[in-house]
**Student:** 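Encoded as structure tokens, here's the structure I'll be asking about.
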Amino acid sequence: MAKPPAATDKGFGQSSNSDKKSQAKSNSSAGGNFGFTPNAEVWNGRLAMLGFVAVVLTELITHQGILTFWGLR
């Protein structure tokens, strides 16, 4: 049965030192850090923001929509 979050729980991806030690043990036996890990989700968000900025800059520089710029419209 899972423990309820402590009063100092900071939410998703903000585990305490004791949680990190137990996760390190479980991750090493589970085959590594693959899948929906907090670190993967952080990088996913960062790359999504970078892609959004690239689309906005392309539209500002070329004065065309991104689909027109790619020749899809």
**Student:** Side-chain heavy atoms nearer than 4.5 Å, only ILVMFWY residues, links allowed to pass through others: does that put Trp70 and Val55 together?
**Tutor:**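 Linked, Trp70 and Val55 end up in one cluster.
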**Student:** Counting only heavy atoms not in Arg73 (residues, nucleotides, ligands), do more than 12 fall under 6.0 Å from its CZ?
**Tutor:**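 12 or below, so no.
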**Student:** Write down the atom of Ala40, the atom of Gly35, and the distance for their closest heavy-atom approach.
**Tutor:**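 That would be CB-O, 3.6 Å.
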**Student:** Are Leu72 and Ile66 linked, directly or through intermediate hydrophobic residues, by side-chain heavy-atom contacts shorter than 4.5 Å (ILVMFWY only)?
**Tutor:**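 Shared cluster, yes.
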**Student:** Would you give the length of the straight line joining atom OG1 of Thr68 to atom NE2 of His63, rounded to the nearest 0.5 angstrom?
**Tutor:**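 Answer rounded to 0.5 Å: 13.5 Å.
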**Student:** Quick one: do Trp43 and Phe52 end up in the same hydrophobic cluster if we chain Ile, Leu, Val, Met, Phe, Trp and Tyr together by side-chain heavy atoms under 4.5 Å apart?
**Tutor:**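 In one cluster with Trp43: Phe52, no.
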**Student:** Same cluster or not: are Leu67 and Phe69 linked, directly or through other Ile, Leu, Val, Met, Phe, Trp or Tyr residues, by side-chain heavy atoms under 4.5 angstrom apart?
**Tutor:**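 Same hydrophobic cluster.
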**Student:** So how far is it from Met49 CE to Asn44 CG, rounded to the nearest 0.5 Å?
**Tutor:**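 Rounded to the nearest 0.5 Å, the CE-CG separation comes out at 9.5 Å.
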